[in-house]
Trainee: 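Sharing a structure with you now.
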Amino acid sequence: MKRMVAETKTTAEAEKTRRAVRKRIKTGDTHLAGYIFISPWLIGFLLLTLWPIAQSFYLSFTDYSLLEDPVWVGTENYVNIFTNDSTFTKSLGVTFLFVLFSVPLKLFFSLLVAMALNQKLKGMNLYRTAIYFPSLIGGSIAVAALWRNMFGLDGYINQVLAWFGIQGVGWISNPDTSLGTLILLNTWQFGSTMVIFLAGLKQIPQELYESAAVDGAAKIRRFISITLPMLSPVMFFNLILGVIGSFQTFTSAFIITKGGPVNSTYVYALYLYEKAFKHYQMGYASALAWILLAIVALLTIVNFAASRYWVFYESEGGGTK
C-alpha cells in the first residue's frame with residue numbers, strides 16, 4: 001500500500017514538473033525555446049568560427065609548416081615580426097596609405113551619388129539599380145582582371161588618352177601610380193556604402209529642410225547644418241566598415257599587381273597570404289593575423305572615442321554623443 005502511494009506521489013510530482021516547464025515555455029520564463037531555435041547557428045559559430053579563432057591564436061605561438069606538427073616557440077614569432085621583419089613594416093605602411101586615401105574617397109563619392117539618387121525624378125529606381133549593379137561583382141577576380149587590362153600600358157585608359165594627344169603611362173607598372181589604381185578600384189566599389197547613405201538620407205525629416213528654406217538658408221548651408229549632422233551616425237557606420245574592409249584588401253593587389261612594382265602595392269593581407277600559403281609559415285602568418293586584428297580593433301576604439309565629438313544622435317536630446 002505504501003509503495004503504491006509513493007509511486008502515485010512520484011507520478012504526480014513528475015506531472016506537476018512537466019506542467020510547470022510547459023507553463024514557463026508558454027509564458028516566456030525560460031530561454032530554452034530560443035536556444036533551440038538558434039542552435040544551428042550557435043553550433044556553426046562554435047565549430048566554424050570560434051574554434052578556428054582559438055586555433056589561430058594557439059598557432060601564432062608555434063612554428064607550424066602544415067607538413068609537420070606545431071612546435072611551441074612562445075612569443076618568438078611576434079618578436080621576429082617587430083624586430084627583424086622589414087617587409088612587415090613596408091606592407092603595413094602601404095596598407096595604411098591605402099586606407100588613408102581610399103576610405104575618405106569612397107565615403108565622399110558614395111554620399112555624392114546617394115544625394116543625386118535621392119532626387120524625385122522619373123525612372124529613379126532604374127538609375128539606382130544600374131548604379132548599384134556593378135557592386136554585386138565589384139570585388140570579384142574578373143573585375144580585378146578587367147581593371148588590370150584597363151590600366152595596362154596598352155589598356156583602354158591610355159587608348160582614350162591617345163585620342164586627345166596625351167601619352168599614357170604604365171599605370172600598374174609605375175610605382176608612383178600603381179597604388180593609386182587600387183585606390184581608384186576600391187572607390188569605384190561604392191555601391192553598398194551608397195545604399196546605406198541613401199537609406200539614411202530618406203530618414204531625415206523634410207520639415208527640417210522646409211523650415212531652413214523659409215528662414216533663407218541656402219542649399220550649402222542646409223547641407224552643412226542639417227544633412228551632415230543628421231547623417232553622421234550613418235557616416236560613422238560606413239567609416240567603421242570602410243576601415244575594416246580596407247585593411248583586409250587582398251584580391252585587387254593579388255590579381256592586378258602581385259604586390260609590385262617594387263612592393264609599392266604589397267598590402268598587409270597579401271604578405272600574410274604569402275607567408276601562409278607560399279612559404280608555409282602558418283604559425284608566423286597566424287601571428288601576423290592577430291597583429292592585424294589588434295590594429296583594426298585599436299583604430300575602431302579610437303573612432304568610437306572620437307565619435308562623441310562629431311556624431312549626432314537625435315534620440316539623445318539633439319546633442320552629440
Side-chain angles (χ1 to χ4, degrees), residues 56 60 75 77-111 138-139 144 147-148 151 171-190 192-193 235-279 281 284-311:
S56 173
S60 68
T75 59
N77 289 330
Y78 292 95
V79 173
N80 289 334
I81 289 173
F82 287 109
T83 59
N84 300 321
D85 194 345
S86 60
T87 308
F88 163 76
T89 306
K90 174 64 177 178
S91 63
L92 194 59
V94 172
T95 304
F96 268 105
L97 193 63
F98 177 84
V99 173
L100 182 64
F101 284 96
S102 65
V103 173
L105 283 174
K106 190 172 185 177
L107 291 176
F108 173 76
F109 282 104
S110 299
L111 179 57
W147 210 260
R148 181 180 59 191
F151 286 89
W171 303 96
I172 296 175
S173 58
N174 189 337
D176 297 329
T177 58
S178 55
L179 185 61
T181 61
L182 302 188
I183 294 174
L184 187 61
L185 174 58
N186 186 75
T187 304
W188 177 74
Q189 299 168 353
F190 62 81
S192 299
T193 307
M235 193 176 301
F236 176 63
F237 177 77
N238 281 331
L239 173 64
I240 295 297
L241 292 185
V243 170
I244 295 174
S246 296
F247 267 101
Q248 297 176 349
T249 186
F250 168 77
T251 304
S252 56
F254 180 71
I255 299 299
I256 299 176
T257 62
K258 300 291 185 181
V262 293
N263 291 339
S264 60
T265 61
Y266 199 57
V267 293
Y268 194 93
L270 181 59
Y271 177 49
L272 192 156
Y273 166 81
E274 290 190 349
K275 277 293 182 181
F277 300 105
K278 185 176 180 179
H279 304 292
Q281 298 179 13
Y284 198 90
S286 297
L288 288 172
W290 278 94
I291 292 174
L292 178 61
L293 175 62
I295 293 173
V296 173
L298 179 61
L299 289 177
T300 303
I301 293 173
V302 171
N303 282 327
F304 269 96
S307 66
R308 68 183 64 183
Y309 301 107
W310 64 276
V311 178

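The figures that follow rest on heavy atoms only: side chains count, while hydrogens, waters and symmetry mates do not. Note that the structure is a prediction, hence the values are computed from the model and not measured.
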Trainee: If you look at every heavy atom in A269 and Q248, which pair is closest and at what distance?
Mentor: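 In this case the closest contact between A269 and Q248 is CB-O, 4.0 Å.
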
Trainee: For the residue pair W310 and F236, establish whether any side-chain heavy-atom pair is separated by less than 4.5 Å.
Mentor: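 A side-chain contact under 4.5 Å exists here.
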
Trainee: Roughly how far apart are T87 OG1 and N263 CG, rounded to 0.5 Å?
Mentor: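 Rounded to the nearest 0.5 Å, the OG1-CG separation comes out at 7.0 Å.
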
Trainee: Nearest 0.5 Å, what's the OG-CZ distance between S102 and F247?
Mentor: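 One finds 9.5 Å between OG of S102 and CZ of F247.
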
Trainee: Any non-hydrogen side-chain atom of N238 less than 4.5 Å from a side-chain atom of L111?
Mentor: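 No - every pair of side-chain heavy atoms lies 4.5 Å or more apart.
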
Trainee: Flag the pair F82 / I291 as yes when at least one side-chain heavy-atom distance between them is below 4.5 Å, and no otherwise.
Mentor: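 They are in contact (side-chain heavy atoms under 4.5 Å apart), so the answer is yes.
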
Trainee: To the nearest 0.5 Å, how far apart are NZ in K106 and OG in S192?
Mentor: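 That separation rounds to 7.0 Å.
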
Trainee: Is the closest side-chain donor-acceptor distance between D85 and Y284 under 3.5 Å?
Mentor: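 A donor-acceptor contact under 3.5 Å links the two side chains.
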
Trainee: Could you pull out the closest heavy-atom pair between V267 and A253, with the gap in Å?
Mentor: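 Minimum heavy-atom separation between V267 and A253: CG2-CB, 3.8 Å.
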
Trainee: Under a 4.5 Å cut-off applied to non-hydrogen side-chain atoms, are L185 and W188 in contact?
Mentor: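 The answer is yes, as the side chains (C-beta and beyond) meet within the 4.5 Å cut-off.
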
Trainee: Under the criterion side-chain contact (heavy atoms from CB on, under 4.5 Å), I'd like the reasoning laid out for I172 against W147: C-alpha separation, chi angles, the key distance, then a yes or no.
Mentor: CA-CA 10 Å; I172 296 175; W147 210 260; over 6 Å; no

Trainee: What pair of heavy atoms forms the shortest contact from L272 to L288, and how long is it?
Mentor: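 Between these two residues, the closest heavy atoms are CD1-C, 3.9 Å.
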
Trainee: Roughly how far, to the nearest 0.5 Å, is CG of L182 from CD1 of I256?
Mentor: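 Here the interatomic distance stands at 5.5 Å.
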
Trainee: Within the structure provided, determine whether L299 and F96 are in side-chain contact (heavy-atom separation under 4.5 Å).
Mentor: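 Answer yes - side chains close enough.
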
Trainee: Should L179 and F101 be marked as a side-chain contact (heavy atoms from CB on, under 4.5 Å) after you check the CA-CA gap, both sets of side-chain angles, and the distance that decides it?
Mentor: CA-CA 10 Å; L179 185 61; F101 284 96; over 6 Å; no

Trainee: I need the minimum non-hydrogen distance between N174 and P261, along with the two atoms involved.
Mentor: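 That closest heavy-atom pairing would be C-CG, 3.8 Å.
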
Trainee: Roughly how far, to the nearest 0.5 Å, is OG1 of T300 from CD1 of I295?
Mentor: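 Atom-to-atom, I295:CD1 and T300:OG1 are 11.5 Å apart.
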
Trainee: What's the separation between atom OG in S252 and atom CG in N186, rounded to the nearest 0.5 Å?
Mentor: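 One finds 7.0 Å between OG of S252 and CG of N186.
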
Trainee: Going by atom types only, do S178 and S264 share a side-chain donor-acceptor pair under 3.5 Å?
Mentor: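 Their side chains do contain a donor-acceptor pair, which is all the 3.5 Å distance test asks for.
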
Trainee: Looking only at non-hydrogen atoms, find the nearest pair between G242 and V103 and report the distance.
Mentor: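 Smallest heavy-atom distance, with atoms named: O-CG2, 3.6 Å.
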
Trainee: On a heavy-atom basis, which atom in Y266 and which in Y271 lie closest, and how many Å separate them?
Mentor: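 So the minimum-distance heavy-atom pair works out to OH-CD1, 3.4 Å.
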
Trainee: Among F98, Y268, F254, find the residue that satisfies the side-chain contact (heavy atoms from CB on, under 4.5 Å) test when tested with T249.
Mentor: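 When F98, Y268, F254 are each tested with T249, the side-chain contact (heavy atoms from CB on, under 4.5 Å) holds only for F98.
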
